[in-house]
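In this text, all values refer to a predicted model and were calculated from it rather than measured experimentally.
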Amino acid sequence: YKRKLALFMQTGSEVPELAVRTMSLIRMDGVPGDRSLSLQGDNKTALLLENLQQKESEPGVYAVQLGEKGGKRKVLIELSAFEAHALAFQLEMWTTDRPLTHRLMYDTCLAMGYQLQEIIFHTHMDDKILAQVCYIKGSKILIQDIQAADAIILSAMSHAPIFIAEKVFRM
């Protein structure tokens, strides 16, 4: 990061804006998936993790394939080497001396009494699929914007279902 910042300072360029992550706490009765804020009336389809592989054409880039539950449609999500290894750790149930960042995030929410309810791929923008993770605690629902790759890792960790909005599937 220091090298990138120094490069921007030398060239006189502005430092690009950091990606904004939003987190909202709402009160709602009922099941989050039935009244999801992010779908705005769109239908959702359940996905299953089918495959994790390294992309031959791009070293250090991995892809995870998710398939429509009970259907033939597929979604491919690119992962960095770090994300791919974190997902492999979850799928293979390996342990480390210290928790990875995804584990810290998940354990913190659990410690606060929230359960990970579901992951929703809700928007497609700039060739990326945007996701939201939905935590629930009683009648409170915590919805957090998250990268699709990180959402898949959290799903593998918690066994929470992954859904995709039909409008995103059609894109």
Practice prompt. Assess whether side chain to side chain contact (heavy atoms under 4.5 Å, CB included) is satisfied between Asp150 and Val133, documenting all intermediate values.
Written response: CA-CA 10 Å; Asp150 295 328; Val133 62; over 6 Å; no
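- In this structure, Val75 and Phe169 have side chains that are in contact, with non-hydrogen atoms separated by less than 4.5 Å.
- Here the OG atom belonging to Ser158 is positioned 7.5 Å from the OH atom belonging to Tyr135, to the nearest 0.5 angstrom.
- Taken together through direct or relayed side-chain contacts under 4.5 Å among Ile, Leu, Val, Met, Phe, Trp and Tyr, Leu47 and Leu91 form part of one hydrophobic cluster.
- The hydrophobic cluster containing Leu110 also contains Leu142, counting ILVMFWY residues as joined when their side-chain heavy atoms lie under 4.5 angstrom apart, directly or transitively.
- Remark: Leu130 CG to Ile120 CD1 distance equals 13.0 Å, nearest 0.5 Å.
- The closest side-chain heavy-atom distance from Ile152 to Gln90 is not below 4.5 Å.
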Worksheet entry | Evaluation steps, side chain to side chain contact (heavy atoms under 4.5 Å, CB included), between Cys109 and Leu116 | CA-CA 8 Å; Cys109 286; Leu116 199 153; over 6 Å; no
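- Remark: the backbone N or O of Leu104 is paired with a side-chain donor or acceptor of Thr108 at under 3.5 angstrom.
- Annotation for Met112: atom CE counts as buried by contact number, over 12 foreign heavy atoms lying within 6.0 Å.
- Between Phe89 and Arg103, the closest side-chain pair of non-hydrogen atoms is not below 4.5 Å.
- Counting heavy atoms from C-beta outward, Lys69 and Thr45 have side chains that stay 4.5 Å or more apart.
- Here the options are Gln53, Gln54, Glu78, the test is side-chain contact (heavy atoms from CB on, under 4.5 Å), and the partner is Tyr62; only Gln54 passes.
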Discussion item. Under the criterion side chain to side chain contact (heavy atoms under 4.5 Å, CB included), I'd like the reasoning laid out for Leu76 against Val64: C-alpha separation, chi angles, the key distance, then a yes or no.
Written reply: CA-CA 6 Å; Leu76 198 65; Val64 63; over 6 Å; no
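- Note that CD1 of Ile136 is 10.0 Å distant from OH of Tyr114, once rounded to the nearest 0.5 Å.
- For Lys137, there are no salt bridge (charged side-chain N to carboxylate O under 4.0 Å, His left out) partners two or more places apart in sequence or in a different chain.
- In this structure, the side chains of Leu66 and Ile77 come closer than 4.5 Å at one or more pairs of heavy atoms.
- His124 is not listed as a side-chain neighbour of Lys167, based on a closest heavy-atom distance of 4.5 Å or more.
- Every residue two or more places apart in sequence or in another chain was checked for a salt bridge (charged side-chain N to carboxylate O under 4.0 Å, His left out) with Glu83, and none qualifies.
- Between Leu79 atom CG and Ile153 atom CD1 the span is 6.5 Å, to the nearest 0.5 Å.
- Asn43 and Glu166 are not linked by any side-chain donor-acceptor pair at a separation below 3.5 angstrom, with hydrogens and angles left out of the test.
- Residue Gln132 holds its CD atom at 5.5 Å from CD1 of Ile143, rounded to the nearest 0.5 Å.
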Item to complete: Could you give me the CA-CA distance, side-chain angles and deciding distance for Val168 and Ile129, then say whether side chain to side chain contact (heavy atoms under 4.5 Å, CB included) is met?
Response: CA-CA 8 Å; Val168 177; Ile129 294 177; 4.2 Å; yes
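- The number of heavy atoms from other shown groups lying within 6.0 Å of NZ (Lys74) is above 12.
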